[in-house]
Amino acid sequence: MSYTVAQNTSFLTVASVLQKVISFFYFIFVARMIQVENTGVYFFAITFTTIFTVVADFGMGPVLTREAARFSDRAETYFNTVFWTKIMFGLGAYGLIVFFANVLNYPESTKLLIYISGITMFFDNLTTAFNSVFRARKNLVYESMAVIGSQFITLVIGTIALFNHWSLVWLILAYTIPSFLNLLFMSQMLKRVYGFVIKFVWNMEVFKIFLATALPFALAGIIGRLYSYSDSLLMSKMLTAKELGWWSVPYKITFAFQFVPVALSASVYPVFSSLFISQRDKIGQLFEKAWRYLFVVVFPLALGIIAIADPVVKHAFGAQYAPSIWPLRILLLSLIFGFLTFITGALLNATNKQKIQTGLVSVALVVNIILNLILLPIFNITGAAIAALVSNVILCGLGLYFSTRQVEINLKNIWHYLNQTLWPALVMAVIVYALSFKLHYLITIVIGGIVYLGLLYITKVITKDIFLMILNKVKLKRKVV
């Protein structure tokens with residue numbers, strides 16, 4: 001059984017949205033129930049282990065998906081080889097987690113949380129092997145079910161722990177337990193649907209080929225992961241747990257929306273790759289449309305939340321997180337450029353310029369680290385937000401420059417799309433900000449959305465034909481092969 005691209009995209013997008021919504025409100029609940037310092041320790045333990053996820057996977061997941069899709073008769077051998085490889089790499093990554101947690105001399109209580117979170121990483125890494133086979137067979141139903149189910153179990157366990165005032169260990173176990181159950185569920189589904197079972201089959205030739213293919217992607221992933229989390233690492237040694245707790249709020253809010261550019265870049269990447277071979281002149285047009293779509297989404301999102309950042313933080317998380325307000329506003333500006341870099345990265349990778357993309361992320365990483373070392377002692381978490389903004393602007397600007405070197409991109413069109421969407425978002429933000437002093441911020445969000453859509457209709461960004469086309473695309477018809 002397989003599904004169309006549109007169906008699979010819809011399954012995983014819906015699951016990701018629900019997972020993000022549950023996760024976000026769960027984090028609000030956690031942040032309100034425990035002290036700011038505890039929030040900082042809890043946030044850092046999860047962040048620290050997330051860095052090593054790329055080492056555990058080492059690019060094997062995407063390679064398994066591709067090769068299993070190409071050679072379905074060898075898929076089970078590929079799967080078992082990758083599964084046992086992931087166990088070895090996962091144990092190695094866990095060893096690195098223990099090593100660096102001790103070298104960096106974190107408190108014993110923090111190290112315990114890191115060790116448990118590392119187990120979660122290990123289980124999640126193994127689960128991706130099962131997900132890869134399902135993706136190769138164009139069946140994302142079970143992965144989507146597992147995403148929602150595991151987040152719901154986390155919510156239940158975490159809520160019980162919070163109401164009973166259990167230790168932070170249980171808040172980490174709230175991720176570890178569903179991660180293990182998720183692994184069991186996906187293994188059973190793979191056996192039931194496709195007859196795959198875990199066997200001790202490890203093919204050295206397959207391993208060598210997969211490793212050589214995965215290495216460039218693994219290195220790029222490691223650099224990208226360091227770029228995303230280097231600020232939290234530096235803050236863990238340069239700032240207090242309370243300041244890390246304050247930082248967790250703007251980070252969590254901005255990170256919650258990253259599924260939008262992730263989904264879009266995943267959709268345009270294979271199209272970019274195909275057009276590069278057959279119709280290179282069409283890549284620029286698709287790039288322009290992708291940026292136009294992101295303009296429509298990210299401008300109202302970023303500017304709207306900037307306008308009501310004060311009541312959002314104080315009402316949702318509590319007055320104790322007031323120092324998070326200005327870093328949140330700065331990170332939201334950074335979010336605009338961060339969204340756009342997903343598309344420049346997809347274009348460069350699709351046009352065989354992945355070395356350039358890796359180099360650009362490396363430059364941004366170095367800039368981010370240097371700025372954090374300078375700004376953190378002066379401005380604390382606000383300095384980290386400024387560093388993120390500057391490095392994202394650099395990454396976006398360089399990404400656009402090198403993209404124009406590869407394909408023809410009409411910058412006038414991009415400027416036109418920016419003008420069409422930016423000023424309606426600015427007007428909406430001003431109205432929302434003014435109303436936030438008189439109305440509840442949730443009401444202002446609804447009003448702001450109506451105002452923004454109305455202005456987009458006036459500027460002809462949204463027309464009746466476009467609305468009907470979108471409506472038609474979301475109608476799914478099941479395809480069985």
note = T50 and R225 have their tightest heavy-atom pair at O-NH1, 2.7 Å
request  = Consider only side-chain N and O atoms of N182 and T127, and report whether a donor and an acceptor are under 3.5 Å apart.
outcome  = no
message = Taking the ring centre of each residue, are F257 and F339 less than 6.0 Å apart?
response = no
message = Test side chain to side chain donor-acceptor pair (under 3.5 Å) on Y433 and D310; report intermediate values, then the result.
response = CA-CA 10 Å; Y433 178 76; D310 192 294; over 6 Å; no
query = Quick check, are the ring centers of F89 and F58 under 6.0 angstrom apart?
reply = yes
Ring centre gap for F130 and F79 strictly below 6.0 Å = yes
Atom NZ of K20 with >12 non-hydrogen neighbours under 6.0 angstrom = yes
task = Nearest 0.5 Å please: distance from the CD1 atom of I253 over to the OG atom of S324.
result = 8.0 Å
Gap separating the CG atom of N372 from the CE atom of M235, nearest 0.5 angstrom = 6.5 Å
message = Quick one about K438 and T444 (side-chain donor to acceptor, distance below 3.5 Å, no hydrogens or angles considered), yes or no?
response = no
query = Does some side-chain heavy atom of D124 sit less than 4.5 Å from a side-chain heavy atom of Y175?
reply = no
Inter-residue atom distance I409.CD1 - L347.CG, 0.5 Å rounding = 5.5 Å
ask   = Under 3.5 Å, is there a donor-acceptor pair between the Q354 and N349 side chains?
value = no
query = Regarding R137 and the six-membered ring of Y194, is the cationic atom NZ or CZ under 6.0 Å from the ring centre and inside 45° of its axis?
reply = yes
message = Does atom CZ (F152) have a neighbourhood of more than 12 heavy atoms from anything else shown, all under 6.0 Å?
response = no
ask   = Rounded to the nearest 0.5 Å, how far apart are CG of L331 and CD1 of I306?
value = 10.0 Å
message = If you compare all heavy atoms of I381 against all heavy atoms of W247, which two are closest, and at what distance to 0.1 Å?
response = O-CZ3, 3.5 Å
ask   = Side chains of T39 and Y321: donor-acceptor distance under 3.5 Å anywhere?
value = yes
task = Would you give the length of the straight line joining atom CG of L226 to atom CG of L365, rounded to the nearest 0.5 angstrom?
result = 6.0 Å
inquiry  = Just verifying a value: how many Å separate Q285 CD and Q279 CD, rounded to the nearest 0.5 Å?
reply    = 9.5 Å
message = To check you understand the geometry: which heavy-atom pair defines the closest contact between A93 and M121, and what is its length?
response = CB-CE, 4.0 Å
key: Heavy-atom pair with the smallest gap, counting every atom of N368 and S391   = ND2-OG, 3.3 Å
ask   = Nearest heavy-atom pair of S117 and I172: which atoms, and what distance?
value = N-CG2, 3.6 Å
ask   = Taking the six-membered ring for Trp, are Y251 and F43 ring centroids under 6.0 Å apart?
value = yes
request  = Check K86 against A129 and note the closest heavy-atom contact, atom names and distance.
outcome  = CD-CB, 3.8 Å
ask   = Do Y401 and R405 get their side chains close enough for a donor-acceptor pair, meaning under 3.5 Å?
value = yes
